[in-house]
Asker: 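Here it is, the structure in full.
The sequence lines fix the lettering, A, B, ..., with proteins before strands; numbering per chain opens at 1.
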Number of protein chains: 2
Amino acid sequence: MRLVIARCEVEYTGRLSAHLPMATRLVMVKADGCVAVHSDEGAYKPLNWMSAPNHLEEREGEWLVTNPAGERLLVRFEEVLSDSEHALGVAPGLTKDGVEAEMQRLLAEAPFVLEEGLSLLRREYPTDLGPVDLLCRDPAGQVVAVEVKRRGEIGGVEQLTRYLERLNRDPVLAPARGILAAQAVTPQARTLAAARGITCVEVDYDSLRGVEGNALRLFTP
Amino acid sequence: MRLVIARCEVEYTGRLSAHLPMATRLVMVKADGCVAVHSDEGAYKPLNWMSAPNHLEEREGEWLVTNPAGERLLVRFEEVLSDSEHALGVAPGLTKDGVEAEMQRLLAEAPFVLEEGLSLLRREYPTDLGPVDLLCRDPAGQVVAVEVKRRGEIGGVEQLTRYLERLNRDPVLAPARGILAAQAVTPQARTLAAARGITCVEVDYDSLRGVEGNALRLFTP
DNA sequence: GTGTATATCTCGGGG
DNA sequence: CCCCGAGGTATACAC
């Protein structure tokens, strides 16, 4: 990894055109060839960047970075204050405990926490608009599509509406109804869901893990 | 900006739990207090980060970063290879020429490229769900809502559907129909649009700029 | 502050 | 390869 602290100006043209006026910034060049320009604020987003694969051409006082997609980043240096190279070597990946994936897994094992008597037909039931997170059946025999989200927002209601539209074209499944399951549901999403006849259920993640624990204990005393 | 190259391991707990095993990485601390951990690949995303405002506690061999939201980042150092501080000063902001904004401007000047005889009623016509990009009228007098996107995707169709729902509650405007204008429209968006009676028009950005040139020449010979 | 739309989003998975 | 969905998304903007 090469770290350059320099007074520079930057031009990017590609998916849009952007210009950074002359100022002191950090220019990073990583082992995979990608380039990022950072200011002294903001942890996440670089001001400008070019992702690998790309080509870095070092000219007199400027760097030209180009990629196969025709994007172009030009860094013009006025004064280089520091320029260092560091060998980092390969790094093991990040391990995450995702929330939505686990929520879906837990709800698949215990759909009845959403509504009494609910039983699972299938996880990731495919439609031509995408997979339904959980396809269930209620005690009355009606099909229930469940969309699992960490946060229940308007987009989740729209997504579930589209799925229901498709499911209800299948006479075997129709009439299907929907449940939006989330740790929290915004008032707007709740309103829209109500207007569409969709039920919202707020799920407590920790209780859900508890339910799993209890269910396991039933079978492994 | 402080740049530390070090063998370290990282724990994050907050919106989820994540762990980075021991390896050599870059740890950046910026002037606003935010912290980012980068590996030697990927221009854009840090492996871990904490955005400002937060608090950095330097202990023996480790840093603990906490924020008011209760998130927590722990960097445990095994070996520090480099540690440097750089004064960057304030930087002027990034200027951008967006694509969607200009497309909207060009189409407002020449709505007839979307459909023969279309004329502009208003740009950014306000509804209580947000502004309609272009409100137009066709030669038959029907109101046409136009949603402008760089890429036409399902979200754009949903957005336009919600706007139409609102417009059609106004007896003065009803019955309104919709056009999704984009440089490219995905097949799924096209399918959904068809099912909703929404027209998709693919707009060639360069031709559009040409149309503007022609229109200007008509009035400035 | 909340909610919504956007992003040079990035990133990964599935057809 | 494209399309789609998720993200500790971040970020800007309106209410």
Asker: Measure from CD on Glu147(B) to C1' on dT4(C) and round the result to the nearest Å.
Answerer: 13 Å

Asker: In whole angstroms, how far is the P atom of dT4(C) from the CG atom of Asp133(B)?
Answerer: 18 Å

Asker: Taking 4.0 Å as the cut-off, does a side-chain nitrogen or oxygen of Lys45(B) come that near to OP1 or OP2 on dA10(D)?
Answerer: no

Asker: Separation of His38(A) atom NE2 from dA10(D) atom P, in whole Å?
Answerer: 15 Å

Asker: On DNA chain C, compare the nucleotides closest to Pro187(A) and Gly42(B); which residue's is nearer the 5' end?
Answerer: Pro187(A)

Asker: Between atom CG in Leu16(B) and atom P in dC11(C), what is the gap in whole Å?
Answerer: 16 Å

Asker: Given dT10(C), is OP1 or OP2 found less than 4.0 Å from the side-chain N or O atoms of Arg15(A)?
Answerer: yes

Asker: Which atoms form the tightest heavy-atom contact between Leu160(B) and Leu180(B), and what is the distance?
Answerer: CD2-N, 3.9 Å

Asker: At under 4.0 Å, does any side-chain N or O of Arg150(B) touch on OP1 or OP2 of dC9(C)?
Answerer: yes

Asker: Rounding to an integer number of Å, can you tell me how far Glu153(A) CD sits from dG5(D) P?
Answerer: 15 Å

Asker: Side-chain N or O of Lys149(B) less than 4.0 angstrom from OP1 or OP2 on dT6(C)?
Answerer: yes

Asker: Is any side-chain nitrogen or oxygen of Gln159(A) closer than 4.0 Å to OP1 or OP2 of dC4(D)?
Answerer: no

Asker: Which heavy atom of Ala43(B) sits nearest to which heavy atom of Cys34(A), and what is that distance?
Answerer: N-SG, 3.2 Å

Asker: Looking at side-chain heavy atoms only, is the closest gap between Arg190(A) and Cys200(A) below 4.5 Å?
Answerer: yes

Asker: Could you tell me how far dA7(C) sits from dA6(D) if I compare only their C1' atoms? Round to whole Å.
Answerer: 15 Å

Asker: dT4(C), dA10(D), dC9(C): which one has an atom nearest the side-chain heavy atoms of Thr186(A)?
Answerer: dT4(C)

Asker: Which heavy atom of Arg196(B) sits nearest a heavy atom of Glu158(B), and at what distance?
Answerer: NH1-OE1, 3.0 Å

Asker: Nearest-Å distance, CG (Asn48(B)) to P (dT10(C))?
Answerer: 19 Å

Asker: Counting only side-chain N and O atoms of Tyr163(A), is one of them less than 4.0 Å from OP1 or OP2 of dC4(D)?
Answerer: no

Asker: Could you state the CG-P distance from Leu192(B) to dC4(D), rounded to the nearest angstrom?
Answerer: 10 Å

Asker: I need the CG-P distance between Leu47(B) and dG8(D), as an integer number of Å.
Answerer: 12 Å

Asker: Please confirm whether the shortest side-chain N or O distance from Trp49(A) to OP1 or OP2 of dC9(C) is below 4.0 Å.
Answerer: no

Asker: Looking for any heavy atom pair under 4.0 Å, which part of the strands does Glu71(B) touch: base, sugar-phosphate only, or nothing?
Answerer: base

Asker: Please give the distance between the P atoms of dT11(D) and dC11(C) as a whole number of Å.
Answerer: 16 Å

Asker: Using the closest heavy atom to pick a nucleotide of DNA chain C for each, name whichever of Ala43(B) or Ala189(A) lands nearer the 5' end.
Answerer: Ala189(A)

Asker: Nearest of dT6(C), dA10(D), dT10(C) to any side-chain atom of Ser51(A)?
Answerer: dT10(C)

Asker: Which part of the nucleic acid, if any, lies within reach of Pro131(A) when heavy atoms closer than 4.0 Å are counted: base, sugar-phosphate only, or nothing?
Answerer: nothing

Asker: Using a 4.0 Å heavy-atom cut-off across all strands, classify Tyr12(A) as base, sugar-phosphate, or nothing.
Answerer: base

Asker: Which atom pair, heavy atoms only, marks the closest approach of Val80(B) to Asp83(B)?
Answerer: CG1-CB, 4.1 Å

Asker: Under a 4.0 Å N-O cut-off, is there an ion pair linking Arg59(A) with Glu62(A)?
Answerer: yes

Asker: Within the pair Arg151(A) and dT2(C), is there a side-chain N or O less than 4.0 Å away from OP1 or OP2?
Answerer: no

Asker: By nearest nucleotide on DNA chain D, pick out whichever of Tyr44(A) and Ile154(B) is the more 5' one.
Answerer: Ile154(B)

